[in-house]
Amino acid sequence: MPARARKTPARKPAADQGLVLDRAAAKTATAGLVEDREPLFTIGGVTYTIPKTVPVSWSLQTFNVAVNQGESAALAFAASKALTTEAWEALQACDTLTRDDLSTVLNAIMDRVLPEGLAVPKA
């Protein structure tokens, strides 16, 4: 007996689906957030940047990591999202990095990633 093609259920009109979150305009706006960056720190004459505003999904993911794995894991996750690989590596390799400077950088990341009102893991 030949296999029958699966029928997919008919899609309901948008009005019956509630709020559609993955609309094209939202995707474009979210991509623009990550690209709109500002300077965060400079090492060896190279300035490293951070998004001025991050996608809300990063906030939810970071909050989820904080709840399930702890604040340190959330901080590491947020840093990996907000900084480029090059920025994270430069920060780790900077022999003149002070505790205060590291706190400033990490707090700047968390201030962008977790909105006010959520328990914010701070450096």
Side-chain angles (χ1 to χ4, degrees):
M1 171 178 247
R4 289 196 284 174
R6 279 183 66 185
K7 289 185 180 182
T8 57
R11 294 191 99 177
K12 293 181 182 179
D16 295 332
Q17 293 179 331
L19 181 61
V20 177
L21 299 176
D22 60 348
R23 57 197 181 275
K27 288 180 184 180
T28 301
T30 301
L33 291 178
V34 177
E35 294 170 7
D36 187 19
R37 302 176 74 86
E38 64 186 357
L40 180 60
F41 60 87
T42 301
I43 298 173
V46 177
T47 299
Y48 298 96
T49 61
I50 186 172
K52 290 179 181 176
T53 307
V54 302
V56 174
S57 63
W58 291 12
S59 301
L60 290 173
Q61 293 167 10
T62 301
F63 185 72
N64 185 50
V65 171
V67 168
N68 292 302
Q69 299 174 32
E71 292 181 356
S72 295
L75 189 57
F77 175 82
S80 73
K81 296 295 278 185
L83 298 177
T84 64
T85 302
E86 295 80 15
W88 186 240
E89 289 173 357
L91 192 62
Q92 293 176 72
C94 182
D95 292 335
T96 57
L97 180 67
T98 66
R99 288 185 188 273
D100 287 343
D101 292 340
L102 178 60
S103 290
T104 299
V105 168
L106 295 177
N107 286 333
I109 292 167
M110 293 312 293
D111 286 345
R112 282 170 178 77
V113 174
L114 284 182
E116 290 184 41
L118 292 178
V120 179
K122 293 282 186 167

ask   = Distance from Leu83 atom CG to Ser80 atom OG, nearest 0.5 Å?
value = 8.5 Å
key: Nearest-0.5 Å distance, OG1 of residue Thr62 to CG of residue Leu75   = 9.5 Å
ask   = If we ignore angles and hydrogens, is there a donor and acceptor under 3.5 Å between the side chains of Asp101 and Thr98?
value = yes
inquiry  = Walk me through whether Val113 and Lys81 qualify under side-chain contact (heavy atoms from CB on, under 4.5 Å).
reply    = CA-CA 9 Å; Val113 174; Lys81 296 295 278 185; 5.9 Å; no
remark   = In terms of heavy-atom contacts, Lys52 and Arg37 come closest through CE-O, 3.8 Å
task = Return the minimal non-hydrogen interatomic distance between Met110 and Ala74, and the atom names on each side.
result = SD-O, 4.5 Å
message = Looking at every non-hydrogen atom in both residues, tell me the closest pair between Pro39 and Thr47 and how far apart they are.
response = CB-CG2, 3.6 Å
task = Report whether Val65 and Leu114 are members of the same hydrophobic cluster (ILVMFWY, side-chain heavy atoms less than 4.5 Å apart, transitive linking).
result = no
remark   = By ring pair (Phe, Tyr, Trp, His ring centres under 6.0 Å), Phe77 pairs with (sequence neighbours left out) none
request  = State whether the side chain of Thr84 and the backbone N or O of Ala87 hold a donor-acceptor pair below 3.5 Å, judged by distance alone.
outcome  = yes
key: Which residues share a side chain to side chain donor-acceptor pair (under 3.5 Å) with Ser57, sequence neighbours left out   = none
inquiry  = To the nearest 0.5 Å, what is the distance between OG1 on Thr104 and CZ on Phe41?
reply    = 12.0 Å
Donor-acceptor side-chain pairing of Asp111 and Asn107 below 3.5 angstrom = no
request  = Could you go through the side-chain contact (heavy atoms from CB on, under 4.5 Å) check for Leu97 and Leu91 one step at a time?
outcome  = CA-CA 8 Å; Leu97 180 67; Leu91 192 62; 3.9 Å; yes
message = Using every non-hydrogen atom in the two residues, find where Val54 and Pro51 come nearest and quote the distance to one decimal.
response = CG1-CB, 4.1 Å
key: Donor-acceptor contact below 3.5 Å, side chain Arg23 vs main chain Val20   = yes
key: Atom of Ile43, atom of Cys94 and distance for their closest heavy-atom approach   = CD1-CB, 3.8 Å
message = Please give me the minimum heavy-atom distance between Leu40 and Val105, naming the atom from each residue.
response = CD2-CG1, 3.8 Å
query = What distance separates Ile50 CD1 from Ile109 CD1, expressed to the nearest 0.5 Å?
reply = 5.0 Å
